[in-house]
Every structure is written in C-alpha cells, then in structure tokens.
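Letters A, B, ... are given to chains in the order of the sequence lines, protein chains preceding strands, and every chain is numbered from 1. Just so we're clear, the structure is a prediction, and the values are computed from it rather than from any experiment.
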There are 2 protein chains.
Amino acid sequence: MHIGEITKLSGLDAQTIRFYEYQGLLTMPARQANGYRTYTDIHVEQLSFIRRCRMLELSLTDIRALLKLKSAPHESCEVINTLINGHIAEVQARITSLQTLEKQLTSLMSCCADGREIEDCGILASLHEKSEH
Amino acid sequence: MHIGEITKLSGLDAQTIRFYEYQGLLTMPARQANGYRTYTDIHVEQLSFIRRCRMLELSLTDIRALLKLKSAPHESCEVINTLINGHIAEVQARITSLQTLEKQLTSLMSCCADGREIEDCGILASLHEKSEH
DNA sequence: AAAAACTATCAAGTTACTATAAGGTCAATA
DNA sequence: TATTGACCTTATAGTAACTTGATAGTTTTT
Ligand SMILES: [Zn+2]
Ligand SMILES: [Zn+2]
Ligand SMILES: [Zn+2]
Ligand SMILES: [Zn+2]
C-alpha cells in the first residue's frame, strides 16, 4: 500500500510517517521504480505501536529504546518496567508542579477586582513585587 | 552595571538576558564604547518581572502582552484578568490530561510482573494491542 | 607580558512535529 | 491528446524558550 492508505489505517499524517522513518522508528519500506514507498501490514503494526506510545506521551527516545528491547526477546523485561515507572514519575512530578502553579495563579487572581485601571491592577502589582527568593 | 552583575541580581543567565533583549522584552541597554551593555535598576526590575512571569509559566507572548498593557495605564485591567484566567484554564486542562495519562500508565504497569522475558512482557503486549478507536 | 575573567556576535542544537515550496507521477476526464 | 486533480517525492524553515558552542575582542589580575 502507498503512504496515503497507511495514513488512514494508522491515523498518522504522511509527513509524520516519513519523519518516523527518518528517525529510525519504522522499518524502511520498499520503493517502487517511481520512488513511491510501499508499506505492508508490518508497517501498520509498527505505526500503531508508536502511536499508542505517543498517546502515553512517551518520548521518541523511549520508543526507540522499547523497539530495541523487542529485538532481544529473551532478556529480562525489567528494563521496560523501569522505563514506564520512570515515565510515571515524570508525569506525577509534572502534575505536582502544575498544581502548585495553579494555586499561585489563583492566588494572583484574587489580587485584583473588576473595573480597575491598569495602573491600579493588583495582578500587575503582585507580579512586580520584590519579595521572593 | 555590566551583564555579569545583572545576572546575579536577576538570577537569569547572560545569554537569556540578551535573548530577552532581542525578543523586545527588555529595554535596550546603553552601550559603552567597547560595545559592552550597561544596565540600570530599571533593567533589574524588568528582568525580575519577566522572571516572576516565567515562574508562573506565562509565555513570552503573554509577557509581551502584559508589558504592552503597562504602557496604557488608564485602560481597564480586564484584559489582564482574562489573560491570567486563560492561563489558569490551560494549566487545569493540562493537569486533567496528565491525570488521565497517569491512570493509563499505572494500569499499563499492572499488565506485567517481575522476572518475565521480553517476549512475555505484558506491557509490550498491551502496547501492541489492536483495540482502540 | 601573560593568564584569567568578562564581554561580544553568530550559529546550531533541543522536541516532535507542521507547513511550505517546488516538482515528479498517475488516473481520469474533456 | 491535453489537462486536470489527486497523489507522491525531497528539501527547507518554523514552532518555544532557551542552551551550548565557537570564535574573538576587552579588561583585570598575576
Ligand atoms: Zn519519559
Ligand atoms: Zn487587575
Ligand atoms: Zn498562557
Ligand atoms: Zn514486562
């Protein structure tokens, strides 16, 4: 199949698919005499795998690592657990950080009321305060 | 003062300060005959303001908007409230999205146990599943 | 005088695409 | 047959906000 059909099957943009190929995440497809790429079901599977990983916001580096591990089927899968756990930790840390941010922003909002002029804006004043560390 | 001193006062890297100048976020400092930038207390204040905004993860575009508003002190500050509220909404949406992600990743982790070989890894199997939409 | 510290500019790398440009190929239609 | 339109190709640049590196000129210290 050509690239147009695999975009439909995989839900990925043609440019993105070529990009993954360039990044070494996708087995190189065969080429026709005219230069067109020819994909197989294997490519569909590979792209589905990548897409599922991306929806979990795994980085392309992480995905590359997973793909490499798949080629060593008899090693321990502990590395995979470690990778996913590391990713979970990143996500949790980011949630915590954003929750702190949300509190700060909400508190900032409470510094101002409607109908003020900009020179009296409590939000701007608060952003200008010297206090910190 | 030179750039080295203002890095200490502002907590920002010299390159970052030059970058902000290039981005039009910072009043252009005077130059000495040798080309060295000369900063004043005004620049320290401007950089502190930018830094505080960045710690709240406001974008440089948002900061540019805030700086522009400051030059119109008699307009209503409603736009500022809108900007910050919009930012809060972004943060909240991202938190929600990451919490969903965390659940999915935790559920993924439960698909595998220690001591398996990669070909039997439940995580990899799960990432390969066709089910979706 | 030589070395260390400071400053300058410019270019490239980071992430994972996305968009644009310019052009070759193919099938169907007028 | 000519041409339209859909499809494919490569290459380049842009996104966000820096960060790193290269190269070079200036000032201060030893
Ligand atoms: Zn990760
Ligand atoms: Zn206000
Ligand atoms: Zn924002
Ligand atoms: Zn496993």
Can you tell me how far [atom2] of [N] sits from [atom1] of [X], to the nearest Å?
X: B:L60; N: D:dG14; atom1: CG; atom2: P; answer: 18 Å
X: A:R51; N: C:dC17; atom1: CZ; atom2: C1'; answer: 15 Å
X: B:F19; N: C:dA11; atom1: CZ; atom2: C1'; answer: 14 Å
X: B:E5; N: D:dT27; atom1: CD; atom2: C1'; answer: 16 Å
X: A:E21; N: D:dC8; atom1: CD; atom2: P; answer: 14 Å
X: A:M1; N: D:dC7; atom1: CE; atom2: C1'; answer: 16 Å
X: A:I6; N: D:dC8; atom1: CD1; atom2: P; answer: 11 Å
X: A:Y22; N: C:dT18; atom1: OH; atom2: C1'; answer: 16 Å

Side chains of A:M1 and A:H43: closer than 4.5 Å at any heavy-atom pair?
-> no

Do A:R37 and A:R31 come within less than 4.5 Å of each other through their side chains, counting heavy atoms only?
-> yes

Whether B:S48 side chain and B:V44 backbone form a donor-acceptor pair below 3.5 Å = yes

Which part of the nucleic acid, if any, lies within reach of [X] when heavy atoms closer than 4.0 Å are counted: base, sugar-phosphate only, or nothing?
X: B:R54; answer: sugar-phosphate
X: B:Y20; answer: sugar-phosphate
X: A:S59; answer: sugar-phosphate

Could A:E57 and B:R94 be called an ion pair, given the rule that one side-chain N must be under 4.0 Å from one carboxylate O?
->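 A salt bridge is present here (some side-chain N lies under 4.0 Å from a carboxylate O).
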
Got a second to check how far B:L67's CG is from B:C53's SG, nearest 0.5 Å?
-> 7.5 Å

What residues in residues 31-44 of chain B put a non-hydrogen atom under 4.0 Å from any atom of DNA chain C?
->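 Within residues 31-44 of chain B, the residues near DNA chain C are B:R31, B:G35, B:Y36, B:R37.
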
Which of these nucleotides, C:dC17, D:dT19, D:dT9, is closest to any side-chain atom of A:I3?
-> D:dT9

Is the distance from OP1 or OP2 of C:dA16 to the nearest side-chain N or O of A:T16 less than 4.0 Å?
-> no

Give a yes or no on whether B:Q99 atom CD has more than 12 heavy-atom contacts from other residues, nucleotides or ligands under 6.0 Å away.
->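 Above 12, so yes.
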
Atom pairs and distances, side-chain donor-acceptor, residues 2-10 of chain A, under 3.5 Å, sequence neighbours left out:
{"residue": "A:H2", "atom": "NE2", "partner": "A:Q32", "partner atom": "OE1", "Å": "3.2"}
{"residue": "A:H2", "atom": "NE2", "partner": "A:Q32", "partner atom": "NE2", "Å": "3.2"}
{"residue": "A:T7", "atom": "OG1", "partner": "A:G4", "partner atom": "O", "Å": "2.5"}
{"residue": "A:S10", "atom": "OG", "partner": "A:I6", "partner atom": "O", "Å": "2.7"}
{"residue": "A:S10", "atom": "OG", "partner": "A:L12", "partner atom": "N", "Å": "3.2"}

Does any N or O donor sit under 3.5 Å from an N or O acceptor when you compare the side chain of A:Q15 with the base of C:dT20?
-> yes

